[in-house]
There are 4 protein chains.
Amino acid sequence: MTKPPNPQRRSQKSRDAILTAALELCGEEGYGRMTIEGIAARAGVSKKTIYRWWPSKGAVVLEALHEAADTVAPHPDTGDFAADMRTQMATVIRFLSPPSHAPLAGLVADALRDPELAEQMRERLVRPRIEAFGQRMRRAQEQGQLHPDADLDVALDLFYGPLYHRLVLHLGLPEPAYLDTLIEHVIRALDPGHGRT
Amino acid sequence: MTKPPNPQRRSQKSRDAILTAALELCGEEGYGRMTIEGIAARAGVSKKTIYRWWPSKGAVVLEALHEAADTVAPHPDTGDFAADMRTQMATVIRFLSPPSHAPLAGLVADALRDPELAEQMRERLVRPRIEAFGQRMRRAQEQGQLHPDADLDVALDLFYGPLYHRLVLHLGLPEPAYLDTLIEHVIRALDPGHGRT
Amino acid sequence: MTKPPNPQRRSQKSRDAILTAALELCGEEGYGRMTIEGIAARAGVSKKTIYRWWPSKGAVVLEALHEAADTVAPHPDTGDFAADMRTQMATVIRFLSPPSHAPLAGLVADALRDPELAEQMRERLVRPRIEAFGQRMRRAQEQGQLHPDADLDVALDLFYGPLYHRLVLHLGLPEPAYLDTLIEHVIRALDPGHGRT
Amino acid sequence: MTKPPNPQRRSQKSRDAILTAALELCGEEGYGRMTIEGIAARAGVSKKTIYRWWPSKGAVVLEALHEAADTVAPHPDTGDFAADMRTQMATVIRFLSPPSHAPLAGLVADALRDPELAEQMRERLVRPRIEAFGQRMRRAQEQGQLHPDADLDVALDLFYGPLYHRLVLHLGLPEPAYLDTLIEHVIRALDPGHGRT
DNA sequence: GTCTAAACGAGACGGTACGTCTAGTCTTTCT
DNA sequence: AGAAAGACTAGACGTACCGTCTCGTTTAGAC
């Protein structure tokens, strides 16, 4: 019944102010204490304008992260796969700390109870990063730094699983030394040639 | 200043009704839509009684899960470590999948924004299961099914990390065949003898 | 600072559509539920166009009523003053009764909280009708049907006061028989010869 | 579905604070600009508490007026009916004039678009005053100051009609001298013995 | 077996944020 | 330049829960 707004007439200024305010407030007060009203006030924007373009607080944060994310944690390629993974994962860890103020952690929490948001998060935020990881991994295989039969899915699970496991069970994100240990184990796991003789 | 209530005079009937109502409502409406008011109404209990004994909705669900959990996913010991892990992890996966995932997923979501709850969850729900996993792993080492130098933390991260990673990023929990692949990789990773020649 | 629009370039079509839409909506949904947005939508006109020419919803309705009113309740002159008053007042009563009372009652309500609108209503809608009543009364005096010293203000108050009194206190507008009784009383009151002996 | 609140547990303090705040705000900002939010803030009360006991702003003002009204305009009885009417009507006029006219005028305006409120206003605010007027009038008849056949309804219409007529059409409430003239006319009208011989 | 203190049910309270609504302004595009 | 379309800021609306706070009413341990 209520016809959708016309995106062509959208105010770029308001959009930017909203996304900026959301990230700021998330950092200052934590995702949980941040409210739509607070975002509107900070951005100097009417609540209506937020509700016109986003269905929920999570959707705003998702778009803000999407906007910022490409520059945040790219996969470097220095030629040393293990070292590059260490660099990239350290960035991700920094991005998830501290959990209560991390936009991504809040988004993860909301997505656990909002399937629509979960799908958006997966498709817009997660998938592209999985893709980027896949490309880096394939280069590592071509350069002989990773076994050519290594499975992308398994690699993803073993590299990043520990991070989210520790994040959501509050076991403490890995320290650098432990991160090295983890990466070493995973690379070994991905080499099927190392099975028992 | 408000003195704590006397646990000796606590009504067992109310406590049980509250925990039962919480799990029921969680299943029926979802964790997010469940409210303290709703639990009180369903349990035939005053809101005050809930707030007297628990600080938050999450704490109620945590206790309800704690009550139910010991029986949920014990670590079997048939003598075959890989097979036992497969069995146990399959149980965990079932527990993390719809429709039964609501209470735990909701709890995880709340804990991401409530450090107090996060600590309770870790100490009461997670730690005991880590301990149980540790015992099973040590037996596997004694029986020569796992390398004696295998690191407990790494093992935990690599076995269970993929599950939570996939849960919170909504990538779909592992199917049985893929679960086998994962376990195989992890056991290989835990064997330092499989390092480069 | 915003200069007034040039009335010469005003679109007659828009003006008519707005006034028509206002009266229609007033009848269909009631004055209170009618909105400027609704009028604009119904008239196929931009809100801006309404605000350009009228300061408020009340002003639109006022103009619409003004347009329609001259033909509504003229003072007949059959030579019988009492009978003519009965006719005219019956018309007014019909105008103040459901379902047609919506525009005027709404206007009256708005004017009670908007002095600007109140003044417009008095000058454009009320004054001309008082003038018309005055002319009819003076003819009645010339024809000897009303005492030559009868006071116009008092006559107006006593004839029409009961109508508005009953309208705004929701006491029910006069039935025909009671209207006769009222008119009889008023005409008697206006004859100072009928003072105490 | 939503069961009504229990009046026995109602907080008298909140009720009084709300009614007081409503009348104060009405005087300070005017009925139209007064909001439920404003009343709640001024009274130090939650909006919910207002909505729990009253359906609308008008209902609050109605109750506040009802509370205050008995003491406002009683019908004196000095033995001189005309003089007493003059006194009482002057009080009413003062009550309907700025700045004190705000609550009643606002209520009248709201009642014109809210039938429920209109009925409440009539039954709780208007009827009792009509009854009081009727009693005074009957005493005047017994004391021979008013014709024994004088009609209560007509008397009410002719005495008070001019006040409301002038109020809602913004013609200016009667000055004292004109009030005398009016009363004189009305008393004459109510004496059927003064008809033409 | 009373007595009595505290836990209980019920639910009203002050708050906060929600998501919706309309007012009135401003911007863009078309005629 | 006027008008249509409609996005914008502003802010009140009425609702939902929150967590706190009385109220009487059980009820269980101590006397």
Side-chain angles (χ1 to χ4, degrees), chain A residues 2-11 13-15 33-41 43-53 55-57, chain B residues 2-3 5-11 13-15 33-38 40-41 43-53 55-57, chain C residues 2-3 5-11 13-14 33-38 40-41 43-53 55-57, chain D residues 2-11 13-15 17 33-41 43-53 55-57:
Chain A
T2 52
K3 69 176 159 200
N6 179 349
Q8 299 202 340
R9 313 197 54 173
R10 182 166 188 181
S11 158
K13 209 176 63 176
S14 293
R15 197 192 93 108
R33 266 177 297 286
M34 173 175 58
T35 66
I36 300 255
E37 298 218 321
I39 297 172
V45 138
S46 143
K47 281 201 289 174
K48 180 77 180 238
T49 299
I50 298 184
Y51 285 112
R52 185 159 22 230
W53 302 109
S56 64
K57 175 172 80 168
Chain B
T2 52
K3 69 179 163 197
N6 178 351
Q8 298 203 340
R9 312 199 51 172
R10 183 168 186 181
S11 158
K13 208 176 63 174
S14 292
R15 197 192 93 108
R33 268 176 298 286
M34 173 176 60
T35 66
I36 298 260
E37 300 218 321
V45 135
S46 148
K47 280 201 293 175
K48 179 79 179 228
T49 300
I50 298 183
Y51 283 113
R52 186 157 22 230
W53 302 108
S56 65
K57 175 171 80 167
Chain C
T2 52
K3 68 179 163 195
N6 178 351
Q8 301 205 338
R9 311 198 52 169
R10 182 168 185 181
S11 157
K13 208 176 63 175
S14 293
R33 268 177 297 287
M34 172 176 61
T35 66
I36 298 260
E37 301 218 317
V45 136
S46 144
K47 280 203 291 175
K48 179 77 180 224
T49 300
I50 299 184
Y51 284 113
R52 190 163 12 236
W53 302 109
S56 65
K57 175 171 79 167
Chain D
T2 50
K3 68 178 157 197
N6 179 349
Q8 300 203 342
R9 313 194 52 175
R10 183 166 186 182
S11 157
K13 209 176 64 176
S14 293
R15 198 193 90 109
R33 265 177 298 286
M34 173 175 59
T35 67
I36 299 254
E37 297 218 320
I39 297 173
V45 137
S46 134
K47 281 202 289 175
K48 180 73 182 238
T49 299
I50 298 183
Y51 284 114
R52 186 157 22 229
W53 302 109
S56 64
K57 176 171 78 167

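Reminder, nothing fancy here: chain letters follow the sequence lines and each chain counts from 1. Since the structure is predicted, the reported quantities are computational estimates derived from the model, not experimental observations.
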Contact pattern, 5' to 3', of nucleotides 23-29 of chain F - B, S or - by protein heavy atom under 4.0 Å: ----BB-

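- Between the CZ atom of B:R15 and the P atom of E:dC8 there is a distance of 12 Å, rounded to whole Å.
- For A:T35, the side chain to side chain contact (heavy atoms under 4.5 Å, CB included) partners are A:E37, not counting sequence neighbours.
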Per-nucleotide protein contact string for nucleotides 14-24 of chain E (B base, S sugar-phosphate only, - none; heavy atom under 4.0 Å): BB-SBBBBBSB

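- Take D:P5 and apply the side chain to side chain contact (heavy atoms under 4.5 Å, CB included) test, not counting sequence neighbours, and it matches D:R52, D:W53.
- OP1 or OP2 of F:dA3 has at least one side-chain nitrogen or oxygen of C:W53 nearer than 4.0 Å.
- With sequence neighbours excluded, the residues that form a side chain to side chain contact (heavy atoms under 4.5 Å, CB included) with B:A43 are B:A17, B:I18, B:A21, B:V45.
- Atom pair D:I39:CD1 and F:dA12:P shows a separation of 12 Å (rounding to whole Å applied).
- For the pair A:N6 CG and E:dT27 P, the computed distance is 17 Å after rounding to whole Å.
- For A:K57, there are no salt bridge (charged side-chain N to carboxylate O under 4.0 Å, His left out) partners two or more places apart in sequence or in a different chain.
- The minimum heavy-atom distance between D:S46 and D:A40, with the atom names listed, is C-CB, 4.3 Å.
- Note: A:T49 OG1 to A:R10 CZ = 9.5 Å, rounded to the nearest 0.5 Å.
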